[in-house]
Amino acid sequence: MSEYEKISSVSSSERLDIIFTIVSKGKGETVVDTLRDEDILVNVTCSGRGTATSSILEMLGLGATEKEVVLSFVKNEKSGYLLKKISKKLDFATPGHGIAFTVPLQSVAGIMAFKFLTTDYSEEV
């Protein structure tokens with residue numbers, strides 16, 4: 001099997017999503033811990049600051065503008081389950097506690113990059 005066929009087979013058989021979780025400053029670690037419990041080990045936490053007007057923030061229930069944004073790379077089939085778990089753990093049903101959404105990752109170049117993002121080292125390349 002050529003290197004191109006290996007890359008094509010990985011990218012076509014397993015889809016990745018990025019879960020974006022936006023929470024109040026200081027709550028990002030709770031998101032990361034929740035995902036680590038599910039063996040999601042690649043998480044990037046960034047500081048964020050809202051730029052929306054206060055009326056929009058109130059409508060979205062986001063309140064304060066100091067935020068943490070956590071980007072987590074997950075296999076597509078686990079995205080829905082993980083969103084529910086994060087939502088329950090951080091009580092997203094209550095306004096102002098945060099928001100999470102997924103974006104499909106269209107492609108990843110390199111088998112080792114894919115394995116790193118999915119923390120799937122079980123198969124040999």
Side-chain angles (χ1 to χ4, degrees):
M1 180 181 278
S2 73
E3 286 300 310
Y4 175 75
E5 290 171 323
K6 286 181 184 178
I7 292 170
S8 294
S9 66
V10 168
S11 64
S12 65
S13 65
E14 294 188 70
R15 301 286 183 203
L16 289 180
D17 287 341
I18 303 174
I19 296 178
F20 286 82
T21 308
I22 304 170
V23 292
S24 297
K25 189 172 183 170
K27 299 286 185 178
E29 192 63 31
T30 303
V31 174
V32 171
D33 289 344
T34 301
L35 292 168
R36 282 187 184 147
D37 289 345
E38 297 293 330
D39 295 325
I40 306 301
L41 305 178
V42 181
N43 301 284
V44 178
T45 303
C46 310
S47 294
R49 182 171 172 82
T51 59
T53 64
S54 59
S55 62
I56 292 174
L57 289 172
E58 287 175 24
M59 180 179 68
L60 295 174
L62 295 175
T65 59
E66 293 295 321
K67 302 291 178 193
E68 287 182 343
V69 181
V70 181
L71 287 74
S72 308
F73 298 85
V74 302
K75 290 183 180 178
N76 174 269
E77 67 265 10
K78 292 183 86 174
S79 292
Y81 166 75
L82 293 169
L83 279 176
K84 288 177 186 173
K85 186 167 183 173
I86 293 167
S87 178
K88 184 175 180 181
K89 180 78 172 184
L90 290 151
D91 191 25
F92 284 178
T94 301
H97 283 216
I99 187 172
F101 57 92
T102 63
V103 174
L105 188 58
Q106 186 64 32
S107 61
V108 175
I111 294 171
M112 292 309 292
F114 179 85
K115 289 187 176 289
F116 172 75
L117 292 175
T118 60
T119 61
D120 181 9
Y121 303 109
S122 59
E123 296 179 24
E124 289 297 316
V125 178

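Being a predicted model, the structure only gives us computed values, none of them experimental.
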List the atom of [X], the atom of [Y], and the distance in Å for their closest heavy-atom pair.
X   : Y   : answer
S72 : N43 : OG-OD1, 2.6 Å
S24 : K67 : OG-NZ, 3.9 Å
E68 : K27 : OE1-N, 3.6 Å

Quick one: which residue pairs count as a ring-ring contact (aromatic ring centres under 6.0 Å, His included) with a foot in residues 15-36, not counting sequence neighbours? F20-F101
Pair up each side-chain donor or acceptor in residues 84-92 with any protein partner under 3.5 Å, not counting sequence neighbours, and list the distances.
unit_1, atom_1, unit_2, atom_2, d
K85, NZ, E38, OE2, 2.6
D91, OD1, T94, OG1, 3.3
D91, OD2, T94, OG1, 2.6

Residues two or more places apart in sequence or in another chain: which of them pass ring-ring contact (aromatic ring centres under 6.0 Å, His included) with Y81?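 Y81 satisfies ring-ring contact (aromatic ring centres under 6.0 Å, His included) with no other residue.
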With sequence neighbours excluded, what pairs up with [X] under the side-chain hydrogen bond (donor to acceptor under 3.5 Å, both in side chains) test?
X   : answer
D17 : N76, S79
T34 : none
D33 : none

Distance from I22 atom CD1 to I99 atom CD1, nearest 0.5 Å? 6.0 Å
In this structure, CD1 of I40 is separated from CG of L82 (nearest 0.5 Å) by 5.0 Å
Can you name the one residue among V32, D39, V31 that meets side-chain contact (heavy atoms from CB on, under 4.5 Å) with L35? V31
Run the numbers on V23 and H97 for side-chain contact (heavy atoms from CB on, under 4.5 Å), then give the verdict. CA-CA 6 Å; V23 292; H97 283 216; over 6 Å; no
